[in-house]
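Working notes, structure below.
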Amino acid sequence: MNVDLRKSNFSASNLSTPKQRKWLASIRSALLDWFATSQRELPWRQTTDPYAIWISEIMLQQTQVATVLPYYFRFLERFPTVHELASADEVELMRYWEGLGYYRRARQMHAAAKQIVEAHNGVFPANFEDVFALPGIGRYTAGAICSFAYDAPTPIVEANTQRLYARLLQWDKPLTERQSQDRLWEFATAILPEKNGSRKVNYATMELGSLVCKPQPECSRCPLVNLCPTARSGLQSSIPAPKVKTVYSDRFEVALLLRNSDCEVPDRSKHSVAPKYLVRQCGPNEWWTGLWDFPRIEISAENFEELDRPLLVSSVHEMSSRKSKSSKRLNTHDSPLHAIHEAILNRFGIATQIEGSALRTIKHSVTRYRIQLRVCNARLIRPIAGDSQGFKWATLEELHALPLSASARKVVQGLK
DNA sequence: AAGACGGGGAC
DNA sequence: GTCCCAGTCTT
């Protein structure tokens, strides 16, 4: 089209001048042609069931398509309707979410399902305001559900479309700014057709952002290349503005494997009793809220190294009697192990003793932390106090049914 | 406006 | 290694 790209960085208004409307119509048209031949066949696009679309949208928050696919099928098979989800057992639900991360998504979804049963008679709401009001559903997800399920003209702005829209607008300010967000939502609204067909347009903008207008875009394959001022000016690498680099910090942890067979009288009724491991449920103000984990604490880099030393020998007895002639290492200064035992006692109220050096070290990451976790055998040197809440002993089989963090799951994998 | 929240894919 | 991902909610 004969649209002047040099003037398509609109100064203000809501993209409603004749020239802007013509430009938008050209984009829409080229986009839909491209989408018809280039779209991926994703399972959540083969349905208009708002429930299934909702599940997919929640799973897809900050999570890539390839990661979601297996979870999506498994989840819908087990929880095919709002009612099934609303009446789901919390533990089983979390087990179906395990590995996806951002576990509050699952809890909020559970709450939302109950809300839908209560307030909407189990029928997924059909207008934006009602959908938006549900826990875990923000502006993007509400718009996506209404558009995809009902073909409502609700705009969407998420990672893919945000990048695409910013480039089409040649918007060079950081996208986190309020002004930027307002502009993006304005574009997202303006790009939708007057009447029907918003579903397809929203699918198409996301798909183009995902497959072509990537962080490193492939403009030579883009159906909008001749309509895009950023491509014209060669500013693809600076638009959208690069995000502030994440500063990672190292973190060291130790997890304790405490077996009941080491500290309790075995059940005499059976000649072979499966050992049980001490686990606890993570509380509201810690990572993996609601999930189960082995007793685990952060430790210093020095103590972390100490746990890697072979043939580690220490006992509380040796440490508590400072005058005794225990091993040379323990005599020099406060044992690092003592510090760890103290920290475990303070944190969990259990008196423990680490045995030997770490079985293994697991690397994982949580948001901005790069974590190394030493897994250690340990024993209880005093019974667990009655007021220590949240603990339970679980067999290997029971551990398989409990929702764990990905790192705790790795620990369990090593227990066979 | 900025930070918390998980984990894995892709390069 | 680094960057990024169909965001939401809380400071």
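Convention: sequence-line order gives letters A, B, ...; per-chain numbering from 1.
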(request) May I have the step-by-step check of side chain to side chain donor-acceptor pair (under 3.5 Å) for A/Asp172 and A/Gln170, ending in yes or no? (result) CA-CA 6 Å; A/Asp172 58 6; A/Gln170 199 169 101; over 6 Å; no
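- Atom NZ of A/Lys200 and atom C1' of C/dA6 are 19 Å apart (whole Å).
- Proximity of residues 56-78 of chain A to DNA chain B (heavy atom under 4.0 angstrom from any strand atom) is restricted to A/Gln62, A/Thr63, A/Gln64, A/Thr67.
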(request) Check the pair A/Cys282, A/Tyr103 against side-chain contact (heavy atoms from CB on, under 4.5 Å), reporting the backbone distance first and the verdict last. (result) CA-CA 12 Å; A/Cys282 300; A/Tyr103 297 95; over 6 Å; no
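- Close approach of DNA chain B to chain A, defined as any atom under 4.0 Å from a non-hydrogen atom of the protein, starts and stops at B/dA1 to B/dG9.
- Contacts of A/Ser210 with the nucleic acid, taken as non-hydrogen atoms under 4.0 Å apart, are absent.
- For the pair A/Lys19 and A/Trp23, the cation does not sit on the ring face, since its NZ or CZ is not both under 6.0 Å from the ring centre and inside 45° of the axis.
- Of the residues in residues 124-141 of chain A, those lying under 4.0 Å from DNA chain C by heavy-atom distance are A/Pro135, A/Gly136, A/Ile137, A/Gly138, A/Arg139, A/Tyr140, A/Thr141.
- Because its NZ or CZ atom is both nearer than 6.0 Å to the ring centre of A/Tyr203 and within 45° of the ring axis, A/Arg45 counts as a cation-pi partner of that residue.
- Distance from the side chain of A/Lys245 is smallest for C/dC3 among the nucleotides C/dC5, C/dC3, C/dA6.
- Of the residues in residues 98-110 of chain A, those lying under 4.0 Å from DNA chain C by heavy-atom distance are A/Tyr102, A/Gln108.
- Residues in residues 62-72 of chain A take part in these side-chain hydrogen bond (donor to acceptor under 3.5 Å, both in side chains) pairs, two or more places apart or across chains: A/Thr63-A/Arg105.
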For residues 129-144 of chain A, run the donor-acceptor check on the side chains, cut-off 3.5 Å, and write out each pair with its distance to 0.1 Å, sequence neighbours left out.
residue  : atom : partner  : partner atom : Å
A/Asp130 : OD2  : A/Asn127 : ND2          : 2.9
A/Tyr140 : OH   : A/Glu57  : OE1          : 2.8
A/Thr141 : OG1  : A/Gln61  : NE2          : 3.0

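- OP1 and OP2 of C/dG1 both lie 4.0 Å or more from every side-chain N or O belonging to A/Arg370.
- Among the protein residues, A/Trp44 comes within range of the nucleic acid bases, having at least one heavy atom under 4.0 Å from a base atom.
- Residue contacts shown for A/Ala159 are limited to sugar-phosphate atoms, with no base heavy atom under 4.0 Å away.
- Both the sub-6.0 Å distance and the 45° axial angle are satisfied by A/Arg374 relative to the ring of A/Phe304.
- No side-chain donor-acceptor contact under 3.5 Å links A/Arg107 and A/Thr289.
- Within the 4.0 angstrom heavy-atom criterion, base atoms lie near A/Leu42.
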